[in-house]
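What you see below is based on every heavy atom in this structure, not just the backbone, and it leaves out hydrogens, waters and symmetry mates.
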Amino acid sequence: PHIKIRQLNKFYHVQNTQVHALKDIHLDIPQGKILGIIGKSGAGKSSLLRTLNGLEQANEGSIHIHQQEISALNHHDLIQLRQKMGMVFQHFNLMSAKTVWENVALPLKISNFNKADIEQRVNEVLELVGLSDKAEHYPSQLSGGMRQRVALIRTLALEPDILLLDEPFSALDYQTRLEVSDDIYKILKEQNKTAILVTHDISEAIAMGDKVIILSA
């Protein structure tokens with residue numbers, strides 16, 4: 001499996017009380033498959049994503065990504081692994097003072113891509129979601145669906161192997177959710193990306209996921 005999780009447990013201490021956020025999670029996610037995760041608020045969905053990308057450490061169990069056990073990685077190797085994992089959030093987190101083109105280019109500049117590669121890659125991903133004509137627009141000039149597409153391709157510009165999608169459609173109206181989720185699904189499948197979709201919407205998880213699991217609090 002591309003991602004292998006074994007007996008994963010995560011605890012938090014809140015006001016002198018121990019909260020068992022993740023309980024004995026055991027999962028295999030093959031290359032190119034989409035896992036849908038549903039559950040009520042507080043079930044541990046976001047905790048699982050943060051543990052997967054190394055932002056938080058598990059208390060027990062193991063996570064293997066690319067056959068690497070992430071808790072055994074040093075700081076440098078963990079950063080390299082994170083660069084192979086992209087996250088798309090509920091809120092678009094676009095920079096309002098930068099154009100669409102500049103927003104998509106920003107992570108490439110931070111990662112020290114050269115100017116020619118940045119230009120080529122940004123233009124490619126804008127074309128991918130049909131936003132080439134919006135390159136010089138600012139986020140405030142875009143619809144919610146367009147802003148979420150920009151957030152997606154900003155992540156895809158770095159060509160991650162794994163996408164972690166944390167409630168990416170919940171800020172959109174129903175019709176826009178259907179359109180954007182369909183676009184993302186097609187891109188994930190065409191590019192053979194492994195993805196984890198966290199959502200409250202079971203129909204969304206079933207529509208996109210090759211497999212769906214329920215986390216209970």
> Looking at P107 and L158, what are the two nearest heavy atoms and their distance?
Replying inline: CB-CD1, 3.8 Å
>> Assigning hydrophobic clusters by single linkage (Ile, Leu, Val, Met, Phe, Trp, Tyr; side-chain heavy-atom cutoff under 4.5 Å), is M87 placed with I70?
In response: yes
> Taking atom NE2 of H26 as the centre, does the number of heavy atoms from other residues, nucleotides or ligands within less than 6.0 Å exceed 12?
Replying inline: yes
> Just by modelled atom types, is the I63 backbone N or O under 3.5 Å from a matching donor or acceptor in the E69 side chain?
Replying inline: yes
>> Could you tell me if the side chain of V150 sits less than 4.5 Å from the side chain of P139, heavy atoms only?
In response: no
>> Looking at R82 and N53, would you say the former's side chain and the latter's main chain have a donor-acceptor pair under 3.5 Å?
In response: yes
>> Do D117 and L108 make a side-chain contact, defined as non-hydrogen atoms from C-beta onward lying under 4.5 Å apart?
In response: no
> Do Q148 and L152 come within less than 4.5 Å of each other through their side chains, counting heavy atoms only?
Replying inline: no
>> Is the shortest side-chain heavy-atom distance between T194 and D161 below 4.5 Å?
In response: no
> Ion pair present between K211 and D28, side-chain N to carboxylate O less than 4.0 angstrom?
Replying inline: no
> When rounded to the nearest 0.5 angstrom, what distance separates CG in L131 from CH2 in W101?
Replying inline: 15.0 Å
> What is the distance from atom CG of N114 to atom CD of E119, rounded to the nearest 0.5 Å?
Replying inline: 10.5 Å
> Hey, does the side chain of S111 reach the backbone of F113 with a donor-acceptor pair shorter than 3.5 angstrom?
Replying inline: no
> Would a distance-only check, ignoring hydrogens and angles, find a side-chain to backbone donor-acceptor pair under 3.5 Å from D166 to F89?
Replying inline: no
>> Can you tell me how the ring of H2 sits relative to the ring of H66, calling it parallel under 30°, perpendicular over 60° and tilted otherwise?
In response: tilted
> Where is the tightest heavy-atom contact between L128 and Q191, given as atom of each residue plus distance?
Replying inline: CD2-NE2, 3.6 Å
>> Is it the case that over 12 heavy atoms from other parts of the model lie below 6.0 angstrom from the CD atom of Q67?
In response: no
> How far apart are the C-alpha atoms of M85 and I65, what are their side-chain angles, what is the distance that settles it, and do they pass the side chain to side chain contact (heavy atoms under 4.5 Å, CB included) test?
Replying inline: CA-CA 10 Å; M85 303 175 74; I65 299 174; 3.9 Å; yes
>> Is it true that T17 and Q15 share a donor-acceptor pair across their side chains at a distance under 3.5 Å?
In response: no
> Any chance CD of Q68 has more than 12 other-residue heavy atoms, nucleotides or ligands included, within less than 6.0 Å?
Replying inline: yes
>> Hydrophobic clusters here meaning ILVMFWY residues chained together by side-chain heavy-atom distances under 4.5 Å, can you tell me if I37 and V212 are in one?
In response: no
> Quick one: are K23 and L215 in side-chain contact, heavy atoms under 4.5 Å?
Replying inline: no
>> Just so I know, are the side chains of R154 and L106 near enough to count as touching, which here means a heavy-atom distance under 4.5 Å?
In response: no
> Counting distance only, does the side-chain N/O of K189 pair as donor-acceptor with the main-chain N or O of G32 below 3.5 Å?
Replying inline: yes
> Heavy-atom count around I79 CD1 within 6.0 Å, excluding the residue itself: above 12?
Replying inline: yes
>> With a 3.5 Å distance limit and no angle check, can you tell me whether Q31 reaches the backbone of N192 through a side-chain donor-acceptor pair?
In response: yes
> Shortest non-hydrogen contact from A135 to L126?
Replying inline: CB-CD1, 3.9 Å
>> Let me confirm one number: the CG-CD1 distance from L81 to I162, rounded to the nearest 0.5 Å.
In response: 7.0 Å
> After noting the C-alpha distance and the side-chain angles of F169 and E179, does the key distance pass the side chain to side chain contact (heavy atoms under 4.5 Å, CB included) rule?
Replying inline: CA-CA 10 Å; F169 316 120; E179 294 170 0; over 6 Å; no
> Rounded to the nearest 0.5 Å, how far apart are OG of S47 and CG of L55?
Replying inline: 11.5 Å
> Under the salt bridge (charged side-chain N to carboxylate O under 4.0 Å, His left out) rule, what pairs show up with a residue in residues 120-130, not counting sequence neighbours?
Replying inline: R121-E124, R121-E159
> Just by distance, do the side chain of K45 and the backbone of T199 share a donor-acceptor pair under 3.5 Å?
Replying inline: no
>> Restricting to non-hydrogen atoms, name the atom on P160 and the atom on T155 that form the minimum distance, rounded to 0.1 Å.
In response: CD-O, 3.3 Å
> About how many Å separate CZ of R147 and CG of N103, when rounded to the nearest 0.5 Å?
Replying inline: 11.5 Å
> Of the non-hydrogen atoms in Y12 and A21, which two are nearest, and what is the gap between them?
Replying inline: CE1-CB, 3.4 Å
>> Quick check on K33: does its NZ atom have over 12 non-hydrogen neighbours (other residues, nucleotides or ligands) under 6.0 Å away?
In response: no
>> Applying a strict under-4.5 Å side-chain criterion to I, L, V, M, F, W and Y, I'd like to know whether V198 and I38 cluster together.
In response: no
>> If you define the side chain from C-beta out and look only at heavy atoms, does anything of E167 sit under 4.5 Å from H200?
In response: yes
> Which distance, rounded to the nearest 0.5 Å, do you find between the OG1 of T51 and the CD1 of I25?
Replying inline: 9.5 Å
>> The test is side chain to side chain contact (heavy atoms under 4.5 Å, CB included); show your working for I3 and L27 and say whether it passes.
In response: CA-CA 8 Å; I3 301 173; L27 282 173; over 6 Å; no
>> Would V129 and I187 count as a side chain to side chain contact (heavy atoms under 4.5 Å, CB included) here? Give the steps.
In response: CA-CA 9 Å; V129 292; I187 291 169; 3.7 Å; yes
> Do M95 and I110 belong to the same hydrophobic cluster, where Ile, Leu, Val, Met, Phe, Trp and Tyr are linked whenever their side-chain heavy atoms lie under 4.5 Å apart, directly or via other members?
Replying inline: yes
> Do V100 and Y138 share a hydrophobic cluster, counting only Ile, Leu, Val, Met, Phe, Trp and Tyr and linking them when any side-chain heavy atoms are less than 4.5 Å apart?
Replying inline: no
> Which pair of non-hydrogen atoms, one from T176 and one from G145, has the smallest distance, and what is that distance?
Replying inline: CG2-CA, 3.4 Å
> Is the shortest heavy-atom distance from the side chain of D24 to the side chain of N9 under 4.5 Å?
Replying inline: yes
